[in-house]
Amino acid sequence: MNDIPEKPISAETIDDSVQPFAVEALDMRGRAVRLGPLVDEILSKHAYPEPVSRLLGEAIALTALFGSALKFSGRFILQTQSDGPVSLLVVDFMAPDGLRAYARFDAERLAAAIAAGRMKPADLLGKGHLAMTIDQGGPAGRYQGVVELVGQGLEEAAHQYFRQSEQIPTRVRLAVGQFSARNASGAMVTGWRAGGLIVQFLPSSPARQADLDPGDAPAGTAPHVVPEDDRWTEARALAETVEDHELLDQSLSAERLLYRLFHERGVTVFAPQRLAARCSCSREKVANMIRSFSAEEVEAM
């Protein structure tokens with residue numbers, strides 16, 4: 001069990017990273033993601049309306065949770081195509097640490113949805129599908145799982161994906177929010193933060209620990225072992241207690257959050273994986289693309 005000391009931890013040490021962890025007594029593995037400058041850079045660069053930024057921020061956090069599990073040099077791509085005001089989300093994770101993202105939306109339909117108070121992820125997405133693609137590159141090719149979107153948000157779509165594709169009991173929590181703070185000059189600035197948590201029940205793990213002490217039972221009495229289903233019920237219930245503000249709190253490290261949630265069962269944290277915003281675009285690529293058009297075409301554009 002990791003006993004986290006009560007001391008302040010700088011945002012630099014906890015932002016833009018994925019924290020893998022395990023709770024052996026519950027046969028549970030998981031990852032927690034905390035995104036600060038990375039998600040703010042992606043969302044601010046496109047200047048999306050607030051509801052679109054929140055939705056894309058959820059997609060970025062979800063992709064970071066999934067993509068960081070890749071054990072090879074490849075890509076994980078999350079993409080939605082739907083009939084809602086936000087018709088397209090694309091998030092690309094380039095192993096081991098790169099993220100980029102884009103959203104397409106209908107401004108008029110979005111304004112109407114905002115006016116009607118229909119700004120939940122399910123309202124913005126509408127009906128369509130969510131595709132998750134693992135691209136290993138080379139002859140290994142691609143693997144893709146598709147989930148139908150029928151009025152649910154990204155969290156529930158992720159649960160549905162694992163139920164039908166991976167058949168691994170999984171719980172996902174996502175949170176996105178804006179923050180205000182004073183910069184070095186004393187001026188107030190705003191930015192975006194995102195966070196997420198994924199827990200999975202993996203009963204095939206070799207380390208099977210007895211989880212309750214026999215207490216005053218006679219010597220030699222075996223510790224009580226909770227059935228596997230009860231283990232997952234407990235793990236899921238603990239994960240569901242996490243609040244949005246805990247996933248977004250700049251002063252709360254992922255380690256301390258995991259200790260809050262699972263310390264009674266013994267939580268082990270592993271080395272965190274840092275993440276970065278990476279776009280394949282560059283001034284040179286754009287210039288070369290423009291040179292491929294005639295002067296008349298460039299002028300028209």
Side-chain angles (χ1 to χ4, degrees), residues 9-19 31-70 73-80 86 88-105 107 110 119 121 124 132 154 173-198 244-254 257 272-287 289:
I9 300 177
S10 70
E12 183 181 356
T13 65
I14 63 175
D15 275 348
D16 299 341
S17 65
V18 176
Q19 177 68 70
R31 294 179 297 282
V33 63
R34 311 296 294 275
L35 302 176
L38 181 157
V39 74
D40 186 55
E41 176 183 342
I42 293 174
L43 298 180
S44 300
K45 187 176 293 184
H46 292 286
Y48 294 118
E50 182 179 329
V52 179
S53 288
R54 288 185 181 276
L55 183 60
L56 186 58
E58 283 194 5
I60 293 170
L62 182 60
T63 302
L65 288 172
F66 286 4
S68 59
L70 293 181
S73 180
R75 297 168 62 194
F76 176 88
I77 304 158
L78 182 149
Q79 180 174 337
T80 69
V86 181
L88 177 72
L89 297 173
V90 180
V91 187
D92 191 3
F93 181 93
M94 297 151 282
D97 60 2
L99 276 162
R100 59 180 178 173
Y102 171 78
R104 184 175 65 208
F105 64 96
L110 179 64
M119 294 183 290
L124 299 178
M132 302 189 204
L154 293 176
R173 282 284 288 110
L174 303 170
V176 179
Q178 286 183 292
F179 71 92
S180 297
R182 294 193 181 277
N183 61 18
S185 338
M188 290 298 295
V189 295
T190 60
W192 287 97
R193 294 186 61 77
L197 178 74
I198 183 171
D244 285 4
H245 69 86
E246 292 178 300
L247 291 172
L248 300 175
D249 189 346
Q250 201 166 4
S251 65
L252 179 65
S253 70
L257 173 59
Q273 177 179 338
R274 299 303 299 266
L275 303 173
R278 300 195 194 283
C279 182
S280 59
C281 298
S282 68
R283 181 178 296 273
E284 181 182 1
K285 286 186 178 181
V286 173
M289 181 270 293

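Because the structure is a prediction, the values reported are computed rather than measured.
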Going by side-chain contact (heavy atoms from CB on, under 4.5 Å), L174 matches just one of I198, V33, L62. Which one?
L62
Reference residue L56; test side-chain contact (heavy atoms from CB on, under 4.5 Å); the match among F105, W192, Y48:
Y48
Euclidean distance, [Y] [atom2] relative to [X] [atom1], rounded to 0.5 Å:
X: L247; Y: L257; atom1: CG; atom2: CG; result: 6.0 Å
X: L89; Y: L55; atom1: CG; atom2: CG; result: 4.5 Å
X: F179; Y: Q250; atom1: CZ; atom2: CD; result: 5.5 Å
X: L124; Y: M119; atom1: CG; atom2: CE; result: 8.5 Å

Tell me the closest heavy-atom pair linking [X] and [Y], and the distance in Å.
X: A277; Y: I42; result: CB-CG1, 4.1 Å
X: A61; Y: G195; result: CB-O, 3.9 Å
X: L110; Y: P51; result: CD1-CB, 4.5 Å
X: A194; Y: V176; result: CB-CG2, 4.1 Å
X: L197; Y: A32; result: CD1-CB, 4.0 Å
X: T63; Y: F76; result: CG2-CD2, 3.7 Å

Partners passing salt bridge (Lys or Arg N to Asp or Glu O under 4.0 Å) against D97 (at least two apart in sequence or in another chain):
R278
Measure from the side-chain N and O atoms of [X] to the backbone N and O of [Y], and report whether any donor-acceptor pair falls under 3.5 Å.
X: D16; Y: L275; answer: no
X: S68; Y: L65; answer: yes
X: R193; Y: L248; answer: yes
X: R34; Y: V18; answer: no

Report the residues that fulfil side chain to side chain contact (heavy atoms under 4.5 Å, CB included) with S180, sequence neighbours left out, ordered by chain and then residue number.
M188, T190
Contacts of R75 meeting side chain to side chain donor-acceptor pair (under 3.5 Å) (sequence neighbours excluded), chain-then-number -> D92
Show, in sequence, the C-alpha distance, side-chain angles and deciding distance for R100 and Y102, and conclude whether the side chain to side chain contact (heavy atoms under 4.5 Å, CB included) test is met.
CA-CA 7 Å; R100 59 180 178 173; Y102 171 78; over 6 Å; no
Stepwise side chain to side chain contact (heavy atoms under 4.5 Å, CB included) check, R31 with Q273
CA-CA 10 Å; R31 294 179 297 282; Q273 177 179 338; over 6 Å; no
Are L252 and H245 close enough that some pair of their side-chain heavy atoms sits under 4.5 Å apart?
no
Using 4.0 Å as the upper bound for N to carboxylate O, is an ion pair formed by R54 and E58?
no
For side chain to side chain contact (heavy atoms under 4.5 Å, CB included), just list the numbers for L99 and V91, CA-CA rounded to whole Å, side-chain angles, deciding distance to a tenth of an Å, and then say yes or no.
CA-CA 7 Å; L99 276 162; V91 187; 4.0 Å; yes
Chi angles and distances behind the side chain to side chain contact (heavy atoms under 4.5 Å, CB included) call for L154, T80:
CA-CA 10 Å; L154 293 176; T80 69; 4.3 Å; yes
